[in-house]
Structures are given as structure tokens and as C-alpha cells.
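These notes concern the structure reproduced below.
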Amino acid sequence: MFSALMNQAQFAIDFKNQFQALKTQLDLVKAFLADTNNLKMKKETLKTSLIKLRDLVYEADDILTDCVLRYDYQKDGSCSKYTPDEFFFRCRMGRQLMDLNSRMGKMGSDLSAYLTPQHLLSLGDNTYRPKVFTSQDCEPSEVIGLEEDIEKLKRWIFSASGVLQRIGIVGMGGLGKTTIAQKFFEDRAVAGCFDKKIWVSVSQDFSDERIIKSILVQLGENPSPVSDLGQMLHAINQSLQGQSCLIVMDDVWSFNQELWGKLCSAIQKTEKRSCVMITTRNEDVATHMGVESSRIHHPKVLDEKDSWSLFCNFAFQETKGKCSNSQFEKVGKEIVGKCGGLPLAIKTIAAFLATEVHNLGKWKDILDHFHELTTRKQNSSVKTSLQLSYDALPTHLKQFLLCFSIYPEDSVIQAEQLVHWWVGEGFIQRTEHSKTAEDLGYEYLTDLVRRCLVEVVERRGYDGRVYSCKMHDLVRDLTTMFAEDEMLCSFEAGKQKVSPDSRWLGLTSEMSTVTLKLCSKLRALLLMASSQGQFPFSKNQMVSLDSLRVLDLSRIRLDSTSMEKLLSWIFSLNA
């Protein structure tokens, strides 16, 4: 009995040393994991070991956080450090710290024996140099080489006869279909032709109800939650009476033929000249939606001159799109040639190289790796540009970018929600006394925008701070692939699914909350669907979420009963 008690006491005595040892190991392991992000090809043995090591990192982080919070609580004078409760806490934590230190040490030995210098791919110094970009900085034009496309569409509109005209823009991903449609949509001459303008992002993850509700809301209506499709179509018909309209259906993959026919019928009943524009990668989709072949526009890839102009606008922002160094121009033109005239590929790689405009060696490295990647048959120039831009991101920006993976395709994302998530999970650490963690979060988001990995939807006028943003579907494909590879989320057919191994979850209305009780590793839970008054989970479903750092319910309004349920669950975690 005495011997057992002394053993327990030893854990309490060693607590401080074990705590410091684990903290040191955790810092080293995090640095090691950052170095392995750019491995050319993760062999299965190494990949499995890294997953196990990452699990250890999360486990260690949770324990250290518990210890730090308890220390802060004691420092405030809220309890004595010499209570029996504190003694047993140190015994329990001392045992866990010793166990973790032992497992981390063994894992480190195994990995150091396996890894050799040739496994690592270095693209140079990835040191982050923060810079604040505002609306007064150079805003590169994104329509270079697309002016003729827009003018062609305008001629079709102005010369049209009949009540409803259908136009299609068809081409591969990254060709600029959405950019053309956006510039057409915003054109003043086009706007003057229509009483109403409606933009619908369809994507693969669409539903008939969401599309119709989106149209109604943009018409100024507020559909009832219990309205069926028939009622909403009737409301559209009523709202469009005597009104001409332009409707852009962006990124259509498939559609409901019956619903589409009813929607077009409602538009035609207005007896005013209207237009429906469809962007899609599949020409059959456009023709089945009633677009005549003579009204399908196929954007072409940019020619050499326009490709270089677009590249310069993004790569040489400091000099207003002018390249004054012949060596950079030679390497830059070779890189542009690898992009195949695709605007997205050119913009993405140029935005990355803009951070290295004084480093010719880095440009040459990118050219070499670009050639290496594009020679693999499965990689297009767009994917290669995105891959290179991702690989070259500083570690913290990679983490921020992967957070976008939990949002459904074509979502408009509130910047405030993102930044609060990053701060809440501890991704952002203050480095300057003059800046808050929240201010740094907005700077990091702006950096992703400037690298063309995130698109701005709305900015604040006087300083350019991002209010809301979205992500191109090809960039999102990349983030979902890496987020799944890092065991952060699980996906099926491009949609996130609830998984016991998930660290982050964007909960949509299609997901069942019953399986949440299996998700003990979950650290961030963000509600994607809007609702009112009801707490969407039961205490039984969430009782196992003791690793949760972030719970975002900003999309719902909770009544007093729901707030009591929420607080009851939160307090139960301390039991």
C-alpha cells in the first residue's frame, strides 16, 4: 500500500519536469511535421508513421492545454495548489505525460532511422513576411484576353429576338468561364437591358430547393421554410410579372429537366425580353437545357501575348505589371508556356511568384518542378500550378487554406467566422504587441487572396478588409484532397462526411448528428445550415466531444431553452 502511494507521489513530483519535456518534444515534432509537408512522394510506411505521430501531437496538445488552463486558474487565486484534488491531478497528468514522452521518443527514433536527406524536397526559404494589402494596392485585371469573349456575348444579347434567349459558355475547368460570365453580368450596357439580374452558383452539390430559393431571395422575396417547389415557382412567376431578367446559372453539372422547363415557362410568361446564361464543362448539359449550338460560346486559351500580360499583372504588382529584368522575363515566359494559356493556372503561379520577385533562383526551381510535374500524365497545368503554389506556402498558411475544405462547394464564406475559428483553435499566435490575433487572421486571409487561392466576394471600402470570400472549385478539390490526406476531414463525392477520425466538421442539414458521439477527436464543429430557435444537438450526442476547441453556432438564433441545453453540455465537459 505504502509502495503504491509512493509510486503515485513520484508522478506528482515529476509532473513539472515531464511537462517541460513534453512541451519541448511537441515543439520539435511540430517543426518536423512542417518539414515533411513538401515530401515529393510519401511512401506508405512513412505516411502511416506520420499519421500516428500527428495523433500523438493532438493528444499532447490537449494534455498541455489542460495543464496550462489549470495553472492560469490557480494563478488567479481561485484555488490552492496544495489541495488533495491538485495532488491527484498531478499524479494523473504526470503518468500521462511520462507515457506520451516515452511514445514520442520511440516514434522519433523510428522516423529518424527511416528518413534520409534525399526524402525531403526543399523549395527554399518559406519564411513568412507579413504585409498588409489594401484596396489602394494594384488590383490586377483578370479579363486580359477575354474582352472579345464578353463583346461577342453582348452582341448576341443586343441582336436577340423573342422573349427568352439562352446562352451557354462551355469549356474545361480554369479556362475563365465564370470570369467571363461575371464581367458580362456586371457590364453597364448589359444591366441597362434588364429590370432584374440573378446569379445562381449551381455546382455539383446542388438541390432544386436551394436554386429556386436563391432566385426568390434575389427577387426580393422571403420564401417560407414550408413552401414547396410549386409554391416557390408561382412566387417567381408573380415577381417577374412585366419584368425583364437576366439569370446566370454558373457551373452547371446536371439539372432537373422538369423543374428547368417550369422555370423557363415562368420567365417566358413575363412577355418581356429575358436571358438565361449557363456556364458548364459539358456541352451536352447546355444543349439539353435548350441552348442552340449557335449560341454556345467556347472560350479559347490565351495566346502567348495575353498569357504574358496576365502573368505580369499578378507577378509584378509592385511595378504595376512591368517586368524590367530580362533574366526574370526569360524564366517567367518559360513558366507561362507551361500553363497552356489557362487563366487560372497563370494567375495562381504568378501570384505565388510575386512574393519572390527578387529571387531568380526560386523562379528557376519552380520552372524545374513545373516541368517535372506536368510530364506526369495525370496532372494538368492548372493542377500543377495549384500544387506548386500549395507546396510553397508557409506552414501556417497551409493550415488556414485547408480549413476551407469543410465548406460546401461554391459557398460564400464569412471572413469573421474563419478568423474566429483560427483564433479559437490556437492557430494564430500574437507576434506583435500592436496587433491582435484577429487582426493577424485577416492579414493571413488577405495573403491567401493575393496568392489567388481564395476569391473575394465583398470587401470593406476604406481599407480593403475581406468581409466574405469563396474558393474556386479546382482549388477546393485540392484542399479536400490534402485535408483528407492529413486526417483532418473525410469526404465522399466531394462532400464532407461524419467520420470518427475527423478533426474538423462543417455540419450541413444533410448530415445526421447521431454519429457525433463517435467523433471524440473533433476539435472544430461549425454549423453550416441556418435555423432558428433550436439547439441542433442533444447532450448525449455531444458528450464525447471533449477535444472540441471551436463550436460555431453563428448561423442559428438560440432561445432560452436551447441556451440552457448548450450551457449544460459545456459544463458537463468539466465533470
Side-chain angles (χ1 to χ4, degrees), residues 22-23 26-27 29-31 33-34 37 51 53-72 128 130 393-407 411 413-431 435-448 453-454 466 469 471 479-480 482-491 496 498-507 516 519-528 537 542 544-555 566 569-570 573-574:
L22 183 60
K23 190 174 183 300
L26 185 59
D27 290 339
V29 169
K30 284 182 176 179
L33 288 173
N37 274 333
I51 290 171
L53 185 58
R54 201 174 294 276
D55 281 338
L56 281 178
V57 167
Y58 284 118
E59 190 177 343
D61 191 47
D62 285 341
I63 290 178
L64 292 181
T65 299
D66 286 345
C67 294
V68 170
L69 288 175
R70 190 176 184 90
Y71 173 75
D72 289 341
Y128 175 62
L393 284 175
T395 302
H396 66 286
L397 287 186
K398 287 180 180 175
Q399 192 171 42
F400 298 145
L401 187 70
L402 293 183
C403 290
F404 284 83
S405 63
I406 75 167
Y407 291 91
S411 293
I413 303 163
Q414 299 305 310
E416 184 180 47
Q417 184 185 50
L418 271 174
V419 172
H420 285 175
W421 172 11
W422 297 344
V423 174
E425 198 165 341
F427 293 157
I428 301 175
Q429 304 295 327
R430 284 181 56 183
T431 56
K435 293 181 180 177
T436 65
E438 188 173 357
D439 287 336
L440 287 172
Y442 281 103
E443 285 189 24
Y444 296 145
L445 178 58
T446 300
D447 204 349
L448 292 175
L453 295 169
V454 175
V466 178
C469 55
M471 180 170 276
T479 66
T480 57
F482 283 114
E484 192 160 40
D485 192 44
E486 298 293 338
M487 301 293 286
L488 295 169
C489 314
S490 295
F491 299 89
Q496 191 179 6
V498 181
S499 166
D501 291 322
S502 293
R503 307 283 180 184
W504 304 334
L505 181 63
L507 193 69
L516 280 177
C519 301
S520 60
K521 296 181 179 180
L522 209 60
R523 297 169 76 86
L525 177 60
L526 286 74
L527 198 64
M528 296 292 159
F537 322 106
M542 301 189 69
S544 64
L545 303 184
D546 52 5
S547 294
L548 203 64
R549 303 288 185 91
V550 175
L551 175 64
D552 191 306
L553 303 177
S554 58
R555 289 179 176 267
L566 174 61
W569 165 69
I570 292 175
L573 295 179
N574 295 322

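Position 1 is the first residue of the sequence; numbering continues from there.
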Do the side chains of [Y] and [X] get nearer than 4.5 Å, heavy atoms only?
{"X": "Phe404", "Y": "Leu448", "value": "yes"}
{"X": "Val454", "Y": "Leu401", "value": "yes"}
{"X": "Trp504", "Y": "Leu402", "value": "yes"}
{"X": "Ile413", "Y": "Met471", "value": "no"}
{"X": "Phe400", "Y": "Ile428", "value": "yes"}

Find the distance between [atom1] ([X]) and [atom2] ([Y]) and round it off to the nearest 0.5 Å.
{"X": "Arg503", "Y": "Arg523", "atom1": "CZ", "atom2": "CZ", "result": "7.0 Å"}
{"X": "Leu445", "Y": "Leu440", "atom1": "CG", "atom2": "CG", "result": "12.5 Å"}
{"X": "Ile406", "Y": "Trp421", "atom1": "CD1", "atom2": "CH2", "result": "3.5 Å"}
{"X": "Asp552", "Y": "Leu507", "atom1": "CG", "atom2": "CG", "result": "11.5 Å"}
{"X": "Met487", "Y": "Asp501", "atom1": "CE", "atom2": "CG", "result": "4.0 Å"}

Only one of Trp422, Tyr444, Phe427 clears ring pair (Phe, Tyr, Trp, His ring centres under 6.0 Å) with His396; which? Tyr444

All side-chain contact (heavy atoms from CB on, under 4.5 Å) counterparts of Ser520, not counting sequence neighbours: none

For Ser405, side-chain contact (heavy atoms from CB on, under 4.5 Å) partners two or more places apart: Thr479, Thr480, Ala483, Cys489, Phe491

Between Gln417 (side chain) and Ser554 (backbone), is there a donor-acceptor pair under 3.5 Å? no

Between the main-chain N or O of Met528 and the side-chain N or O of Arg555, is there a donor-acceptor pair closer than 3.5 Å? yes

Quick check: closest heavy atoms across Leu418 and Cys403, and the distance to 0.1 Å?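 So the minimum-distance heavy-atom pair works out to CD2-CB, 4.5 Å.
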
Contact summary for Gly506 and Gln496, nearest pair of heavy atoms: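 The pair with the smallest heavy-atom distance is N-OE1, 3.1 Å.
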
Going through the checks in order, is the side-chain contact (heavy atoms from CB on, under 4.5 Å) test met by Leu522 and Ser547? CA-CA 6 Å; Leu522 209 60; Ser547 294; over 6 Å; no

Taking atom CD of Glu416 as the centre, does the number of heavy atoms from other residues, nucleotides or ligands within less than 6.0 Å exceed 12?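 At most 12 heavy atoms, drawn from other residues, nucleotides or ligands, come within 6.0 Å of this atom.
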
